[in-house]
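Notes follow the structure.
Scope of the values below: all heavy atoms of this structure, side chains included, with no hydrogens, waters or symmetry mates. Ligands are counted one by one from 1 in listed order, and the atoms in each one are counted from 1 as well.
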Amino acid sequence: MMMEDKRANLVALFIIILLIIVIIIARLSLKLSNTFFLIFGADIAAIVAVLAIIIIRRRFSSRKKQLERQLDSQGRELRIEYSFLRKVVGVPTKFRHRELEIATDGFRYLLGRGGSGSVYKGILSDGTAVAVKRIDGEERGEKAFKSEVTAISSVQHVNLVRILGYCIASTGPRFLVYEFIHNGSLDKWIFRGRSGGCLSWESRCRVAIDVAKALSYLHHDCRSCILHLDVKPENILIDENYGALVSDFGLSKLKGREESKVVTSIRGTKGYLAPEWLLENGVSEKCDVYSYGMVVLEIIGGRRNIHVVDESNNSTTDHTSKRKKFQFFPKIVLEKFREGKVMEIVDERIVDGGRVNESEVMRMIGVALWCIQEKPKLRPTMAQVVEMLQGRIQVEDPPNTQMLIVDLLSIDDDENQNLQRVRPRFHQIGGDCPSTSSCSFAFSTILPR
Ligand SMILES: Nc1ncnc2c1ncn2[C@@H]1O[C@H](COP(=O)(O)OP(=O)(O)OP(=O)(O)O)[C@@H](O)[C@H]1O
C-alpha cells in the first residue's frame, strides 16, 4: 500500500513538471499569443486537478487505514471473545487438519503413544496449550464420534480433562484436542524407572480423592450416567499442583438413568477390566469402580498389579511353553491387610521417607478392596468412595474375595486384536496359593466362542 502511494505521488509530480515544461515552451515559442493563453489555462486546470486528486487520495487512504485498524482491533476482540465463550460454554471446536498441523508444528512433539493413537503437544493460534490425540483406525461412525465428543465436552469438572475440539475428515485419522496438562500421566509418577518422579504419600491420597470425585461426577451428577470404561494410571493426568484429572474418554459410554447396564464389546486395558465385562454381562458404573480399585492399589504399592515373574520354558512342548507365571499384587495386599501388616505393601520409596500415615493406608486399602469385589453389587458407588476416602463414612472390613482372574491376561499382543472374539476363562487364586510373594498361576489357552 505504501509503495503504491509513493508511485502515485511520483507520477503526479512527473505530470505537474511536464505541464510546467509545456507552459515554459509555449511561452517561449508562442509569446503572449491567444494559443499560449489557451495552453496556459488548460495546463493550470490540469495541475489543479492533479493536486486535487492527490489530496483526495491521501484523505481517502488515511481514512481507509483508520477503518482497517479499527476493524482489526474489533476482529481481534471478537476472536478473543469467541475463544472465551467457547471455553465457558464448552462447545467443541471443529478444527481443520491444517490448523492442527500448524499448532503441533507438523506433529513434532510426541507426548506419548496409546493403544488407539499418538498424542502430540501443540499451541493453538490463541495461545492455548493443547494435547492433540491422533486416533488411527477408528471403527465408529462419524455421527457416533461427534455425538460422543459433544456429550463429553458438555460435562465440566475440575478433575476432568477438557476436550476443546476435534477434527474429522472423510478419510484419514481423526483427532481429539485436549487441554494440555503439565506433569503428564500418573504412571510416570508412581511406577519405578519412569520419567516423572515419585509422588509423596500426601499427593497419592490427593490423586485418589480427585479421581474418585471425577468418576462420582460422571456417574451421579450428569444428565446421563457417563461410564469412562478405561480408568488406568495412563489416563490420569497430573497438573502443576499435583492434582489429578481423568482423561481419555475414547471408550466412554452413556447410560440412561433408567438402564442398569449397557452392552458393549470388550475393550479397555488388561488388568483393569471388571470380570462381569469380560463375561459379557454388560457394563455399568461398577466397572469403573473396579478399575478405580485396581488403580488405587497401584498408587499405594507403586507397582503394577500384575507382574510377570517368570516365563516357564522348561518344557519342550508347545502347550507348556505358553504358560506364564504372574504375581497378583491385590492378592498380596489382601493377605497383608488381614495380617495387619499394611505398611509392608506401601511403595518402599515413600515408606523410607517416614511420612506415611498407617491409618490412611488402612483406609485406602480397605476402600480399594471393596472396589475390586467380583460381585458388582458389593462394590461401593463412587460417591461412597469419596465419602470413605475423606473419612466421612467408616470403611467396614471388606469381605473375602475369591479374586478371580480372567484368562485374558495371557493373550499375546498380536492376539489382542481379537478381543471381541474370545471367551475368557477364569482362574481362581484362593487360599491354596503357595506363598504370598510367589503367588503364581498358569493361564491356559483361550476358548473360541
Ligand atoms: N491432555 C494431555 N496433556 C498432557 N499429556 C497428555 C495428555 N493426554 C495424553 N497425554 C500423554 O500422552 C500419553 C498417551 O495418551 P493416550 O491417551 O493415547 O494413552 P493411553 O491412555 O495409554 O492410550 P489408550 O487408552 O488410548 O490406549 C499419556 O500417557 C500422557 O503421557
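- The residues Asp347 and Arg204 are annotated as salt-bridged, a charged nitrogen and a carboxylate oxygen being separated by less than 4.0 angstrom.
- Ligand 1 has no atom lying under 4.0 Å from any heavy atom of Lys121.
- For ligand 1, the atoms closer than 4.0 angstrom to any heavy atom of Ala131 are 1 (N), 2 (C), 3 (N), 7 (C).
- Partners of Trp201 by side chain to side chain donor-acceptor pair (under 3.5 Å), not counting sequence neighbours, listed by chain and number: Glu360.
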Exercise for the section: Check step by step if ring-ring contact (aromatic ring centres under 6.0 Å, His included) holds for Trp189 and Tyr242. Expected result: CA-CA 10 Å; Trp189 290 93; Tyr242 296 95; 5.3 Å; yes

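- Ring to ring, Tyr109 and Tyr120 are not that close: their centroids are 6.0 angstrom or more apart.
- Scanning the protein heavy atoms around atom 27 (O) of ligand 1, the nearest turns out to be Gly115 N, 2.7 Å.
- The protein heavy-atom contact nearest to atom 5 (N) of ligand 1 is Leu111 CD1, 3.8 Å.
- Residue Lys188 has at least one N or O atom closer than 3.5 Å to an N or O atom of ligand 1.
- The contact set between ligand 1 and Phe180, taken as ligand atoms under 4.0 Å from a residue heavy atom, comprises 3 (N), 4 (C).
- Close approach of ligand 1 to Lys133 (heavy-atom distance below 4.0 Å) involves ligand atoms 16 (P), 17 (O), 18 (O), 26 (O).
- The cationic group of Lys133 does not satisfy the cation-pi geometry with Phe175, failing either the under 6.0 Å distance to the six-membered ring centre or the 45° limit from the ring axis.
- The shortest distance between side-chain heavy atoms of Val295 and Val211 does not fall below 4.5 Å.
- Using cut-offs of 30° and 60° for the angle between ring planes, the Tyr217 and His157 rings count as tilted.
- Annotation for ligand 1: atoms under 4.0 Å from non-hydrogen atoms of Tyr178 are 1 (N).
- Protein heavy atom nearest atom 21 (O) of ligand 1, with residue, atom name and distance: Asn235 OD1, 2.4 Å.
- Some N or O of Glu179 is nearer than 3.5 Å to an N or O of ligand 1, by distance alone.
- From the protein, the heavy atom lying nearest to atom 23 (O) of ligand 1 is Gly114 CA, 3.1 Å.
- Given atom 10 (N) of ligand 1, the protein heavy atom at minimum distance is Val119 CG1, 3.9 Å.
- In terms of modelled atom types and a separation under 3.5 Å, the side chain of Arg113 and the main chain of Ser118 share no donor-acceptor contact.
- The heavy atom nearest to atom 7 (C) of ligand 1, out of those in Asp248, Leu237, Val132, Ile181, is found in Leu237.
- With a 6.0 Å radius and a threshold of 12 heavy atoms from other residues, nucleotides or ligands, Gln390 has its CD atom above the threshold.
- Below 4.0 Å from some heavy atom of Asp230 lie the following atoms of ligand 1, by number and element: 25 (O).
- In this structure, Lys232 has a heavy atom closer than 4.0 Å to ligand 1.
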